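The chains referred to below are lettered A, B, ... by the order of the sequence lines, with proteins before strands, and numbering in each begins at 1. For the numbers below, each heavy atom of this structure counts, side chains included, while hydrogens, waters and symmetry mates do not. Note that the structure is a prediction, hence the values are computed from the model and not measured.
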Protein chains: 2
Amino acid sequence: MTFRLGVIGGGQLARMMVPPAIELGIDIRVLAESEGMSAAIAATGVGDYTDLETVRAFAKTVDVVTFDHEHVPQAVLRALVADGVAVHPGPDALQFAQDKLAMRERLGELGIPMPDWARVETPDELDAFLADHGGRGVVKTARGGYDGKGVRVVSAADQAEDWFAALAEDGRGGALLVEELVEFRRELAQLVARRPSGDVTLWPVVESVQKDGVCAEVIAPAPGSAGKVAEMAAHIGTTIAEELGVTGVLAVELFETTDERILVNELAMRPHNTGHWTIDGSTTSQFEQHLRAVLDLPFGATGHREPWSVMINILGGPTDGDLDTPLRQAAADQPTAKIHLYGKEPRPGRKVGHVTVSGEELDDVVFRARAAAAFFED
Amino acid sequence: MTFRLGVIGGGQLARMMVPPAIELGIDIRVLAESEGMSAAIAATGVGDYTDLETVRAFAKTVDVVTFDHEHVPQAVLRALVADGVAVHPGPDALQFAQDKLAMRERLGELGIPMPDWARVETPDELDAFLADHGGRGVVKTARGGYDGKGVRVVSAADQAEDWFAALAEDGRGGALLVEELVEFRRELAQLVARRPSGDVTLWPVVESVQKDGVCAEVIAPAPGSAGKVAEMAAHIGTTIAEELGVTGVLAVELFETTDERILVNELAMRPHNTGHWTIDGSTTSQFEQHLRAVLDLPFGATGHREPWSVMINILGGPTDGDLDTPLRQAAADQPTAKIHLYGKEPRPGRKVGHVTVSGEELDDVVFRARAAAAFFED
């Protein structure tokens with residue numbers, strides 16, 4: 001027999017699970033949202049992941065179900081589990097990636113260091129929080145945010161008026177999350193994988209450079225992180241994976257503060273942009289490890305192949321969307337650059353690929369990665 | 001637009017082209033011999049590659065045609081070229097991989113070092129060659145041999161009686177190839193890639209350990225090859241690629257003789273078993289480079305990521321064909337081993353996968369690779 005793995009969602013994360021599935025002889029099947037998506041090569045079905053019967057029919061064709069994203073509704077997930085389907089990560093864990101208020105509450109119970117935060121149901125509650133935190137804060141919708149969407153820095157509650165109005169209209173007693181505006185030196189990310197049988201494995205903590213709320217560049221490992229920073233990040237990542245019962249890859253986005261604390265910013269329970277460097281830079285990529293994790297296979301080694309790796313995202317620009325020409329130019333100019341394109345139509349700001357370079361000297365690696373990525377910029 | 005690459009043949013070589021195609025955003029399409037083949041995930045058609053109309057219809061769906069094997073008939077290849085299809089490698093080059101007599105004649109014209117050889121049409125001619133070469137020789141059918149098939153060590157012409165009979169029955173004036181039995185220290189392989197625009201790139205020469213005429217283990221680079229051996233192998237590989245007009249990957253199998261000569265044994269004009277280590281051990285794998293070559297994209301770097309890589313083939317055994325259990329055991333025991341399974345039903349002696357380990361110390365790398373591969377043996 002062959003392991004049959006089902007992935008719900010046909011985006012680039014599902015696409016990047018395909019090469020390691022091919023390598024390990026795993027039969028990978030994707031339930032895509034529509035035709036021609038990034039993971040189309042493995043799509044065995046197209047359908048609505050919020051529709052239980054669609055998802056149920058797909059689940060019947062595989063041994064294990066996992067995800068390209070965190071948007072499958074709890075009701076669907078719990079019905080699958082009740083059917084006896086192996087779902088990884090499971091709904092009990094996924095709820096904390098789906099609801100930022102639930103995540104903050106749970107991490108608080110676990111004593112995980114975080115920014116100050118509050119659940120706010122009214123503009124008055126938000127203003128009170130702002131007044132206590134220097135007059136500014138970060139407001140987030142509890143659900144549905146990603147890549148800077150659903151996140152807003154505010155200095156007064158009326159700047160989140162539309163979100164309060166939407167909550168009122170929704171009428172389900174929802175609330176917003178507000179967090180203190182952390183003064184951070186830099187952003188880090190800790191990538192972890194955990195198997196259903198309990199094993200946990202980690203990659204080195206990385207530095208993530210954001211532009212406009214989107215991860216732009218990742219340096220692995222984070223410069224100067226050996227020792228205390230790496231230990232704190234690893235401890236936080238391991239604790240969250242174990243206590244929340246995560247199965248599969250978990251990415252913990254972190255702030256390293258100006259006063260040398262490590263605070264949890266966000267969680268993602270799936271392979272993550274800050275881990276794309278592992279495809280080329282680590283003995284086992286986050287995608288291969290995710291497959292091993294959800295199939296409960298023993299983990300591969302997570303050491304880095306070369307001392308440094310730098311990953312830079314390729315975003316669609318305002319022009320005609322031709323990626324062949326920059327691919328040819330980047331390949332000619334930077335033969336050591338590993339170029340990844342996601343088969344997506346370039347649109348402004350859309351992630352359509354990434355570049356990774358690995359090597360001995362960080363400056364040189366950064367230079368080569370930026371030189372390659374620059375051909376894809378307008 | 002996206003590059004559309006067509007691969008004729010659905011075996012494991014086509015399968016291993018899929019991951020780099022996904023990574024580079026290349027739309028890969030495979031014409032497979034039957035359903036459920038190794039490269040099924042990319043199969044857009046199933047049909048007979050000896051049938052011109054089948055191949056012609058497939059070629060219309062892609063920009064460039066390449067191959068999983070060398071068996072597409074010259075008539076079909078030349079008709080495609082006449083249609084204006086980009087075929088790489090082209091028929092002028094491929095004929096030398098399809099016909100060992102033509103290959104020997106052409107390499108002789110180029111002054112490439114080879115074993116003594118002769119074209120023999122009759123048992124008497126074969127006996128005469130044997131008498132001149134110590135009473136023994138290697139007889140080969142000019143066409144259709146692979147993995148030790150179509151190759152026989154003989155000490156008298158009657159040991160090739162069946163092949164002569166087949167030639168007579170065929171009635172097309174064919175002949176057999178006979179070669180001296182070379183006393184070699186070891187077998188080497190030089191992997192080369194060449195683009196239509198002329199660029200050539202090489203990986204380090206490797207040592208190939210054969211068992212029963214099949215490549216069993218590859219050590220990259222070949223121990224003790226730095227300097228003269230590597231130079232000779234590189235010169236031979238480059239000369240053949242350029243003079244024969246090869247486009248794509250070329251593997252040159254070599255003998256290193258006991259008197260320190262390098263002689264050409266066989267040619268393959270496609271990614272080759274002796275290059276599988278490059279998937280994990282080189283910055284650019286032979287499969288990615290083959291795609292770049294046939295699409296005439298600039299080449300990726302071919303340096304090795306770690307000093308040593310060892311690749312060991314996994315062959316199907318006489319038992320029930322369960323690969324899940326050895327996969328789980330090998331993963332648990334050897335976390336640094338990169339395990340590749342081809343999605344093929346295990347049958348005795350059939351190549352169903354391979355394992356590669358890379359690292360600093362050769363002894364340790366060999367040990368780990370053999371330990372991982374041993375779980376797949378009976």
Considering all heavy atoms of both residues, which atom of [X] and which atom of [Y] are nearest to each other, and what is their separation?
X: B/T302; Y: B/L202; answer: OG1-O, 2.8 Å
X: B/A331; Y: B/I339; answer: N-CD1, 4.0 Å
X: B/S197; Y: B/D296; answer: OG-OD1, 3.0 Å

Most contacts with chain B, counted as non-hydrogen pairs under 4.5 angstrom, among [options]:
options: A/A39, A/P298, A/G25; answer: A/P298
options: A/L297, A/D333, A/D199; answer: A/L297
options: A/G303, A/A332, A/G353; answer: A/A332
options: A/K338, A/Q329, A/R292; answer: A/K338

Do the side-chain N and O atoms of [X] and [Y] include a donor-acceptor pair separated by under 3.5 angstrom?
X: A/H290; Y: A/T66; result: yes
X: A/D27; Y: A/T2; result: no
X: B/R368; Y: B/T336; result: yes

Side-chain ion pair, B/R4 and B/D63, N-O less than 4.0 Å: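 Looking at B/R4 and B/D63, the cut-off is met.
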Cationic N near anionic O, under 4.0 Å, A/R328 to A/D324: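 The answer is no: the pair does not qualify as a salt bridge.
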Residue among B/L24, B/V18, B/I28, B/I26 with most heavy-atom pairs under 4.5 Å to chain A: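 Most heavy-atom pairs within the cutoff with chain A belong to B/L24.
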Residue, of B/R15, B/Q334, B/M16, B/E306, that accumulates the most heavy atom pairs under 4.5 Å with chain A: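 With the most close heavy-atom pairs to chain A, the winner is B/R15.
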Which bit of [X] comes within less than 4.5 Å of chain B, counting heavy atoms only: side chain, backbone, both or neither?
X: A/K344; answer: neither
X: A/A337; answer: backbone
X: A/Y342; answer: neither

Spatial distance of atom CZ (A/R29) from atom CD1 (B/I41) [nearest 0.5 Å]: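 Nearest 0.5 Å value for the CZ-CD1 distance: 10.5 Å.
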Part of residues 276-288 of chain B lying next to chain A, heavy-atom separation under 4.5 Å: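 The stretch touches chain A at B/I279, B/D280, B/T283, B/T284, B/E288.
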Min side-chain heavy-atom separation A/V200-A/V192 under 4.5 Å: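 Yes, at least one pair of side-chain atoms sits under 4.5 Å.
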